[in-house]
Number of protein chains: 2
Amino acid sequence: MKQFTKHNTRNSLRRIFLYHGLLLRLKSMGVTRVFSYTLAESAGVTPEQVRKDFSEYCIRGNRRGGYLTASLLDEMEVLFRRDRVTNVILVGMGNLGQALSKYGLFIQRGINIVATFDIDPYKQKSRADNQVYSPERMQEIIDRFHVTVAIVAVPDVSAQEVCNELIGMGIRGIVNFAPVLPRVPAYVVVNNVNLSDEIESVIWSVSRMREKQSLFL
Amino acid sequence: MKQFTKHNTRNSLRRIFLYHGLLLRLKSMGVTRVFSYTLAESAGVTPEQVRKDFSEYCIRGNRRGGYLTASLLDEMEVLFRRDRVTNVILVGMGNLGQALSKYGLFIQRGINIVATFDIDPYKQKSRADNQVYSPERMQEIIDRFHVTVAIVAVPDVSAQEVCNELIGMGIRGIVNFAPVLPRVPAYVVVNNVNLSDEIESVIWSVSRMREKQSLFL
DNA sequence: GGATTAATGTGAAACAATTCACAAAACATA
DNA sequence: TATGTTTTGTGAATTGTTTCACATTAATCC
């Protein structure tokens with residue numbers, strides 16, 4: 001097993017996944033060899049950054065030859081467990097949950113939503129193509145499919161409760177779309193995604209930029 | 001107009017929006033007064049961090065008295081333009097686009113999707129409740145509603161082209177859900193959101209944590 | 001009204017991340 | 001095989017961010 005001595009940072013991990021996505025695209029475009037500056041260019045970072053990031057995860061290139069797209073991808077996929085499909089569950093089948101359950105890119109990336117859950121009995125019935133389960137069956141499905149990661153897309157008021165239940169049933173990683181930060185034990189990983197915040201920060205950056213610019217008009 | 005001498009960082013801006021969301025909840029729960037440690041606790045950061053972040057945006061509290069929820073919110077909303085509704089457009093009405101167009105939390109946060117666009121004529125017709133426009137009408141609508149920010153939820157292959165067109169029509173901020181990083185001029189703000197990456201990074205963190213733990217079993 | 005307490009605000013210190021600069025390696029060419 | 005060129009890999013320098021420590025302020029209590 002590989003050891004990462006340095007405490008690899010959240011930022012470098014994010015970038016690694018970004019590189020991975022870019023590499024998939026490059027490979028599909030028939031690019032067999034990439035250089036640190038190729039990736040840097042597409043990722044909007046410096047070439048040194050790319051090399052440092054790879055170095056942190058003990059990914060080596062070939063001096064003068066750069067990296068072979070295919071073997072770099074293989075190495076990354078083994079390293080980051082993307083060589084196998086991971087079963088996840090999705091809790092909360094509101095608008096966002098329904099979209100996520102149908103989002104085609106997940107399965108392309110080895111993310112398999114094995115089951116979706118909602119407390120609303122109407123939602124449980126309504127979808128013939130994609131069965132929505134009652135939360136009662138959660139434990140059973142988590143056990144059967146060895147699920148450790150859940151996507152939470154429930155309303156803010158139920159988010160904490162749902163997270164607590166999931167953790168009690170063995171879930172160890174949560175991608176949380178509810179606009180609250182759930183409180184979890186240290187052995188559980190949470191990634192909070194707040195769609196409103198993402199848009200608001202752009203709105204603000206734009207309006208600030210316009211103000212600055214208008215000073216020079 | 002307020003001046004921010006310090007170059008406020010991306011992280012502190014993200015946290016500011018997080019605090020804002022937390023404050024909205026606290027206010028709705030009837031909390032009239034908050035302290036830096038109240039917010040720190042909910043946001044998962046240190047109290048000093050909260051105070052530094054506020055300080056960076058010239059937001060002042062009352063020594064010993066902390067912050068009054070309502071006036072802090074007012075101040076933030078004026079400062080970050082959340083006291084008015086901002087019109088945005090949404091391009092790409094696939095699964096994700098459709099979910100985003102119906103996502104109730106946007107309007108709660110003053111984000112108004114004034115129009116949605118898709119090249120697929122079938123999608124343009126199909127929705128009686130929520131008209132989907134042909135891209136031909138984009139310029140007209142951008143001008144009419146003074147839109148400067150767009151949400152892009154198109155497939156990866158068309159993302160760059162769509163962004164170019166949007167920028168040509170006056171868009172200055174893009175929230176990009178396509179799994180590519182669009183190349184844009186310096187006067188355009190882009191925020192890339194990659195849902196697969198968010199999930200993959202959790203999957204990896206969990207599997208790494210389990211490996212570490214198994215060493216001690 | 002002075003003493004006490006509980007909070008903020010912030011410069012300084014510690015820590016983390018990025019960029020720089022260049023040695024080491026691999027390949028090409030003659 | 002020697003030489004030149006290109007690219008990686010990484011220690012050192014720089015830059016950025018967070019935490020610490022404490023002076024400052026406001027409220028409360030005798």
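It should be emphasised that the depicted structure is a prediction, and the values quoted were computed from it without experimental measurement. The chains referred to below are lettered A, B, ... by the order of the sequence lines, with proteins before strands, and numbering in each begins at 1.
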(request) Enter the distance from A:Asp197:CG to B:Arg14:CZ here, rounded to the nearest 0.5 Å. (result) 7.5 Å

(request) Indicate whether OP1 or OP2 belonging to D:dT17 is found under 4.0 Å from a side-chain N or O atom of B:Gln49. (result) no

(request) Provide, to the nearest angstrom, the distance between the CD1 atom belonging to B:Ile59 and the P atom belonging to C:dA7. (result) 20 Å

(message) I want to verify a distance call: between C:dT18, C:dA21, D:dG11, whose nearest atom is closest to the A:Lys52 side chain?
(response) D:dG11

(request) Using atom CZ of B:Arg14 as one end and atom C1' of D:dT17 as the other, report the distance to the nearest whole Å. (result) 16 Å

(message) Between the opening five pairs and the closing five pairs of the helix from C:dG1-D:dC30 to C:dA30-D:dT1, how far apart are the helix axes, to 10°?
(response) 10°

(message) I'd like to know if the side chain of B:Ser71 reaches the main chain of B:Tyr67, judged simply by a donor and an acceptor atom lying under 3.5 Å from each other, with no hydrogens or angles considered.
(response) no

(request) Side-chain contact test, heavy atoms from C-beta onward, threshold under 4.5 Å: evaluate it for A:Leu90 versus A:Gln98 and give yes or no. (result) no

(request) Round to a whole Å and report the spacing from CD of B:Glu56 to P of C:dT8. (result) 18 Å

(request) Give a yes/no answer on whether the side chain of A:Arg51 brings an N or O atom under 4.0 Å of OP1 or OP2 in C:dT18. (result) no

(message) For D:dG9 and A:Tyr57 - does any side-chain N or O of the residue sit under 4.0 Å from the phosphate oxygens OP1/OP2?
(response) no

(request) Could you tell me the separation between the CG atom of A:Asp53 and the P atom of D:dG9, rounded to a whole number of Å? (result) 12 Å

(message) Can you measure B:Arg10 atom CZ to D:dT18 atom P for me and round it to whole angstrom units?
(response) 14 Å

(request) Would you mind telling me which residue lines up with the more 5' stretch of DNA chain D, A:Glu48 or B:Asn11, judged by nearest nucleotide? (result) A:Glu48

(request) Report the distance from atom NZ of A:Lys102 to atom CG of A:Leu100, rounding to the nearest 0.5 Å. (result) 10.5 Å

(request) Starting from C1' on C:dT8, measure out to CG on B:Leu68 and report it in whole angstrom. (result) 14 Å

Please tabulate, for the side chains in residues 149-158 of chain A, all donor-acceptor contacts under 3.5 angstrom to protein atoms that are two or more places apart in sequence or on a different chain.
unit_1   : atom_1 : unit_2   : atom_2 : d
A:Asp156 : OD2    : B:Arg25  : NH1    : 3.4
A:Ser158 : OG     : A:Pro155 : O      : 3.3

(message) So, taking the atom named CD in B:Glu75 and the one named CZ in B:Arg60, what distance separates them when rounded to the nearest 0.5 Å?
(response) 9.5 Å

(request) Locate the shortest heavy-atom distance separating A:Ile113 from A:Ser101; write the atom from each residue and the value. (result) CD1-CA, 4.0 Å

(request) May I have the distance from B:Leu39 (atom CG) to C:dT8 (atom C1'), rounded to whole angstrom? (result) 13 Å

(request) Give B:Phe54 one of three labels, base, sugar-phosphate or nothing, depending on what nucleic acid heavy atoms sit under 4.0 Å from its own. (result) nothing

(request) Starting at atom OH of B:Tyr37, determine the distance to atom C1' of C:dT8, rounded to an integer number of angstrom. (result) 12 Å

(request) Starting at CG of A:Asp53, measure out to OG of A:Ser36 and round the result to the nearest 0.5 Å. (result) 11.0 Å

(request) List the protein contact pattern of nucleotides 23-30 of chain C with one symbol per nucleotide (5' to 3'): B for base contact, S for sugar-phosphate-only contact, - for none; contact means a heavy-atom distance under 4.0 Å. (result) BBBBB---

(message) Looking at A:Ser55, I'd like to know whether one of its side-chain N or O atoms comes within less than 4.0 Å of OP1 or OP2 on D:dG9.
(response) no

(request) To the nearest 0.5 Å, tell me how far A:Glu41 CD sits from A:Leu22 CG. (result) 11.0 Å

(request) Answer yes or no: is there a donor N or O on one side and an acceptor on the other, between the side chain of B:Asn191 and the main chain of A:Glu198, under 3.5 Å? (result) yes

